[in-house]
Number of protein chains: 2
Amino acid sequence: MTMPQPLRIGDAYNPDCPTRHILDRIGDKWAVLVLLTLKDGPARFNDLRRRIGAISQKMLSQTLKSLERDGLVSRAAFPTVPVTVEYRLTPLAGGLIRILDQVTQWAESHVGAIMAARRAHDGALADAMAA
Amino acid sequence: MTMPQPLRIGDAYNPDCPTRHILDRIGDKWAVLVLLTLKDGPARFNDLRRRIGAISQKMLSQTLKSLERDGLVSRAAFPTVPVTVEYRLTPLAGGLIRILDQVTQWAESHVGAIMAARRAHDGALADAMAA
DNA sequence: CAGCATCCATTGAGATACTG
DNA sequence: CAGTATCTCAATGGATGCTG
């Protein structure tokens, strides 16, 4: 019955497949955090840094650059002194943001269940150890 | 106007916040791949290994254990010789899977735009270098 | 302000070998 | 078959100091 079925899910398994790359992007903790922060509107570099808080300047810079490269964030520099730079989501990012929102929503409403599962699991493990 | 607003998005920024943990789970490349593979129905250890292909046995084992701990995957062992173990999604995982499906769907329909943005970006960069 | 360059510690993850 | 244990190397990512 169980035919081999080498690949499914587009070719998400194949590291060369572009779809997989999107997964990696979602998998990037900082990228997601930056996108969700920019959802509130355009923001400047140190502004983002402060709002995200835990991110290092190196990571923020790196993350913004890759997001810009992927066309999800746009960068605008104004020739003030000192220079002012503003980042904002592109229209392309819109659909992704909507999905990310669903993720956080799902997370918030199921964290309880997951933590409970975890406690149950760890408890069972402890019991097994004790026996 | 721009009031401080220390934290948003639940407390996703806070590493201690449980919501953040879900983000990390989604951020786990292997976890996502395993969940999506299990969507097709229950599967055994080496079965998963073959289907995912690129995953090492260590990572698969590790991933399955953490997914089980979080109550997203259940494990059933049958006392055959040699032992047979079957993994399957729990009901809790159902909603998450639906969102992951949306992610892959979005990915597949926007990969083109992203690759184009990237080419444009890299091209512009190359031009700047040449100038 | 908005970054880049460098150094360094921690972690991630593959390969390999072994067990019930 | 379904894992565990160990070793090792590469990549993450933080801290620091500097620049236009």
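Just so we're on the same page: letters track the sequence lines, and every chain starts at 1.
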If you restrict it to nitrogen or oxygen atoms, what contacts under 3.5 Å exist between nucleotides 12-15 of chain D and the protein, and what is each distance?
from	atom 1	to	atom 2	distance (Å)
D/dG13	N7	A/K58	NZ	3.0
D/dG14	OP2	A/S56	OG	3.2
D/dG14	O6	A/K58	NZ	2.5

Does the side chain of [Y] come within less than 4.5 Å of [X]'s, by heavy atoms?
X: B/Q62; Y: B/M59; result: yes
X: A/K29; Y: B/L23; result: no
X: B/I55; Y: B/L33; result: no
X: B/K39; Y: B/D101; result: yes
X: A/I52; Y: A/W30; result: yes
X: B/F45; Y: B/V85; result: no
X: A/I97; Y: A/L38; result: no
X: B/R75; Y: B/L64; result: no

Next item on the list: Look at the side-chain N and O atoms of B/R44 and state whether any lies under 4.0 Å from the OP1 or OP2 oxygen of D/dA2.
Entry: yes
Note to self: Taking only side-chain N and O atoms of B/Y87, does any of them lie within less than 4.0 angstrom of OP1 or OP2 on D/dG3?
What the structure shows: yes
Check: Do you know which of B/L67, B/T37, B/L35, B/V34 makes side chain to side chain contact (heavy atoms under 4.5 Å, CB included) with B/L89?
Finding: B/L35
Rounded to the nearest angstrom, tell me the gap between atom [atom1] in [X] and atom [atom2] in [N].
X: A/L60; N: C/dA2; atom1: CG; atom2: P; result: 10 Å
X: B/L48; N: D/dC1; atom1: CG; atom2: P; result: 13 Å
X: B/N46; N: D/dG3; atom1: CG; atom2: P; result: 9 Å
X: B/K65; N: D/dA2; atom1: NZ; atom2: C1'; result: 12 Å
X: B/L64; N: D/dC1; atom1: CG; atom2: C1'; result: 14 Å

Notebook entry, point to check: Between B/R69 and A/D122, is a salt bridge (charged side-chain N to carboxylate O under 4.0 Å, His left out) present by the stated rule, with each step listed?
Noted result: CA-CA 8 Å; B/R69 190 168 107 100; A/D122 293 355; 2.5 Å; yes
Next item on the list: Can you pull out how bent the helix from C/dC1-D/dG20 to C/dG20-D/dC1 is, comparing the axes over its first five and last five pairs, to 10°?
Entry: 50°
Item checked: Spacing of B/L72 atom CG and A/I114 atom CD1 [to the nearest 0.5 Å] -> 5.0 Å
Next item on the list: Could you check which residues of residues 70-83 of chain A get a heavy atom under 4.0 Å from DNA chain D? Sort them by number, please.
Entry: none
